[in-house]
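What follows is a set of notes on a single structure, which appears directly below.
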Amino acid sequence: MTMRSWISLYALLIRTSIRSRMQYKFNFLLGTLLAALIQISEFLMVAIVLYKFGAIQGWSMHEIGYLFAVMTLSKTIYRMFADEVHHLEKYLVNGELDQLLTRPMPVLLALLPQKFRLMPGEILQGGFLLWWSLDGMMADGQISWVAVPYTLLIIGTGAVILFSIGLATATCGFWMTRITVLQNLTEDAARSAAQYPLTLYPKWMISLLLFAIPVGLVNYVPALYILRGELGGWILPLLAVAALFCLLLSVRFWQYGITKYQSTGS
Amino acid sequence: MIEVSNIRKEFRTPVVKQGRFSGLRTLFTREYRLKEAVRGISFQVEEGEFVGYIGPNGAGKSTTIKMLTGILHPTSGHVSIGGLSPHKARREVVRNLGVVFGQRSQLWWDLPVIDSFDILARMYGVRETEKVKRMRQFAELLDLESFWATPVRKLSLGQRMRADLAAAMLHDPDVLFLDEPTIGLDVNAKRNIRQFLKRLNTEFGKTILLTTHDMDDIEQLCRRVMVINDGQLSYDGTVRSLRDTIGLPTVITVTYRGAFHIPEGYRISKEASEPELPIRLNIIAVEDHTVTIEVNRKEIHTLDILNLLAQWGELADVDMQDPDFEDVIHKVY
């Protein structure tokens with residue numbers, strides 16, 4: 001199969017997934033609406049933090065808003081396309097992965113479009129926060145318009161990194177079956193930590209968030225360059241390489257993990 | 001077509017601790033219990049064969065099928081389907097397989113039946129003309145037309161199974177794996193599905209491997225049957241010789257006109273009669289004018305038995321019952 005037919009198949013499966021969930025319109029709409037409301041309340045919390053403390057350890061209100069927005073948007077892209085990776089446990093516990101394994105396509109490509117999640121709340125929240133912080137910093141003359149394409153780029157690489165972390169964590173499920181707690185640690189806790197400047201944390205934790213669970217590469221490291229001109233221009237291509245490396249590593253791990261799949265009795 | 005050599009599958013489950021902090025201790029334990037679900041199975045299936053694969057619950061049937069379809073990787077041993085390993089070249093192998101799990105549907109649960117076919121056609125790269133042709137064929141053979149537009153979740157079990165079967169055949173695979181395709185179906189639906197499977201095998205030459213608990217499936221469809229018990233093949237051969245090997249007794253009931261006399265030596269018991277008698281038989285019951293005996297027809301010719309029985313009195317009626325296939329299987333398990 002050519003790349004193009006893979007993509008068109010993938011698009012078809014995503015359309016199918018949306019159509020499936022549209023069968024229950026009320027549930028679908030209410031769910032989307034509530035998720036958006038939750039996002040707004042989370043945003044209010046951030047707003048309070050920013051307003052109350054203003055700058056934290058030399059990071060301005062706008063800079064912290066930027067870190068937060070980039071993380072939110074990267075996560076949103078990851079979850080929109082790959083929510084089922086995060087919910088792999090369900091497939092392992094019920095043995096639902098069986099069906100996907102009998103299809104003539106890579107398992108991941110069959111798994112991802114099982115559920116395409118629309119996340120308007122997150123996009124709005126993250127987009128607004130990003131616009132607010134960029135606008136503020138441009139007004140101060142801290143950054144120029146170049147920051148905009150750079151930011152879009154790192155949101156993309158960030159999504160790839162978060163996906164890789166999610167995939168590697170989910171893969172552990174082939175041995176452990178239940179993975180929710182592990183996910184709380186590597187996905188949720190790590191990501192929440194990186195919503196604030198890493199300088200807040202002790203050294204060992206910074207290393208952890210940069211090298212072991214590299215959530216710091218999503219927003220903190222690129223922000224050092226894009227917002228403050230630290231490090232150097234080489235950091236952006238390096239980040240792209242790092243993201244691809246994470247992806248490669250996690251996909252390899254996933255492929256190995258699948259050979260340990262245990263299915264369920266029937 | 002299908003070659004399986006010495007496959008084994010072990011499942012490792014952590015030992016669950018008892019007592020205080022059991023959950024936490026289980027998490028950090030290094031103790032595992034090994035369960036060998038399949039212990040060294042080998043067989044070959046030629047093109048065009050229809051093979052039944054039977055065994056009690058938990059014997060390893062599904063595990064074997066899942067290894068053949070590439071879902072599970074064997075702990076050791078090799079599988080080859082059409083010359084390719086379903087584990088190393090899963091996508092290529094699966095392209096030429098039809099798989100139906102009776103317990104689970106592979107159709108899109110919330111969408112109309114016909115949509116699943118459209119998606120599958122795209123997935124397997126089935127050309128539009130081919131698709132239309134085959135769907136018309138299946139619709140006729142399996143009577144699908146009446147529920148094309150119904151969402152899969154609203155189908156009855158019989159309808160769903162028919163739809164699933166048609167979906168598995170949409171890409172015209174050469175090999176078909178069926179895991180309990182008739183489970184929970186009524187007589188009509190079973191017959192419908194059996195007829196379809198029979199045609200697939202005889203007219204289209206598909207190679208079919210089927211697991212089931214319904215012995216009628218085996219009797220009506222398969223020429224060859226494999227029995228798995230506790231992870232190992234305990235029988236592999238024709239259905240007919242399976243019946244013979246087990247040697248279950250045939251039950252003969254004779255009714256005599258008037259008086260009859262059973263000679264010395266033949267006793268009414270569960271044990272066969274004494275060996276020095278010319279014919280070994282076992283009298284189960286004597287009532288009024290009827291005598292019921294059990295005899296193994298592999299050892300003795302039927303006519304000899306009838307001759308012997310005729311010597312005891314004047315025969316009015318003879319009724320013979322071959323062993324039920326269910327009983328044969330019961331004996332194998």
Side-chain angles (χ1 to χ4, degrees), chain A residues 1-2 4-25 27-28 91-92 94-110 113-115 172 174-182 255-266, chain B residues 9-14 27 35 37 57-58 60-63 65-67 69-74 86-88 90-112 115-116 118-120 122-125 151-153 168 171 173 177 179-180 183 211:
Chain A
M1 261 182 141
T2 60
R4 234 177 99 193
S5 53
W6 280 125
I7 291 172
S8 89
L9 179 59
Y10 182 72
L12 172 73
L13 290 173
I14 285 182
R15 280 202 304 280
T16 307
S17 134
I18 295 177
R19 220 149 51 85
S20 288
R21 275 185 311 141
M22 281 298 208
Q23 300 291 315
Y24 312 94
K25 281 192 197 72
N27 187 54
F28 179 77
Y91 291 81
L92 298 175
N94 302 333
E96 276 177 45
L97 207 64
D98 287 12
Q99 281 109 309
L100 302 183
L101 278 159
T102 59
R103 300 200 161 139
M105 54 197 294
V107 184
L108 258 186
L109 202 62
Q114 284 287 102
K115 190 174 168 199
C172 294
F174 288 115
W175 289 270
M176 301 163 53
T177 309
R178 298 266 179 204
I179 41 174
T180 339
V181 179
L182 189 65
Q255 285 168 339
Y256 175 67
I258 277 189
T259 68
K260 304 293 168 203
Y261 175 52
Q262 299 220 342
S263 189
T264 48
S266 67
Chain B
K9 181 71 188 175
E10 284 173 358
F11 290 114
R12 245 163 56 118
T13 39
L27 191 63
K35 188 184 170 284
N57 286 329
K61 288 190 306 290
S62 291
T63 306
I65 292 253
K66 283 176 185 168
M67 284 195 276
T69 47
I71 293 171
L72 293 178
H73 287 240
H87 307 106
K88 295 192 183 101
R90 186 183 63 83
R91 265 146 61 193
E92 286 83 346
V93 170
V94 158
R95 194 164 278 285
N96 197 23
L97 284 187
V99 185
V100 176
F101 291 110
Q103 313 267 33
R104 252 183 216 140
S105 180
Q106 58 158 335
L107 305 172
W108 277 259
W109 204 238
D110 292 315
L111 298 180
D115 290 20
S116 289
D118 290 338
I119 299 166
L120 287 169
R122 279 280 292 280
M123 201 181 272
Y124 286 89
V152 175
R153 76 187 129 87
H171 55 288
F177 288 117
D179 195 4
E180 305 191 24
I183 194 165
T211 77

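Letters A, B, ... are given to chains in the order of the sequence lines, protein chains preceding strands, and every chain is numbered from 1. As the structure is a computational prediction, the values presented were derived from the model and not from experiment.
Note: W108(B) CH2 to Q114(A) CD = 7.5 Å, rounded to the nearest 0.5 Å. Taking CE of M123(B) as the start and CZ of R103(A) as the end, the distance is 4.5 Å to the nearest 0.5 Å. Interatomic distance, S20(A) OG to D115(B) CG, rounded to the nearest 0.5 Å: 8.5 Å. With rounding to the nearest 0.5 Å, the separation of CG in L100(A) from CD1 in I71(B) is 9.5 Å. Between Q262(A) atom CD and K9(B) atom NZ the span is 6.5 Å, to the nearest 0.5 Å. Atom OG1 of residue T69(B) and atom CG of residue D98(A) lie 7.5 Å apart, to the nearest 0.5 angstrom.
Contact of L97(A) with chain B is not made at all, since no heavy-atom distance falls under 4.5 Å. Both the backbone and the side chain of I119(B) come within less than 4.5 Å of a heavy atom of chain A.
Between the side chain of Q99(A) and the main chain of S105(B), a donor-acceptor pair closer than 3.5 Å is present. With hydrogens and angles ignored, the 3.5 Å screen pairs a side-chain donor or acceptor of R104(B) with a backbone N or O of G95(A). Judged by distance alone, with hydrogens and angles left aside, the side-chain atoms of R122(B) form a donor-acceptor pair with the main-chain N or O of S8(A) at under 3.5 Å.
Within a 6.0 Å radius of CZ in R153(B), more than 12 heavy atoms belonging to other residues, nucleotides or ligands are found.
When the candidates Q106(B), R90(B), K61(B), H87(B) are compared by the number of heavy-atom contacts under 4.5 Å with chain A, R90(B) comes out ahead.
Counting heavy atoms from C-beta outward, Q23(A) and L111(B) have side chains that approach closer than 4.5 Å.
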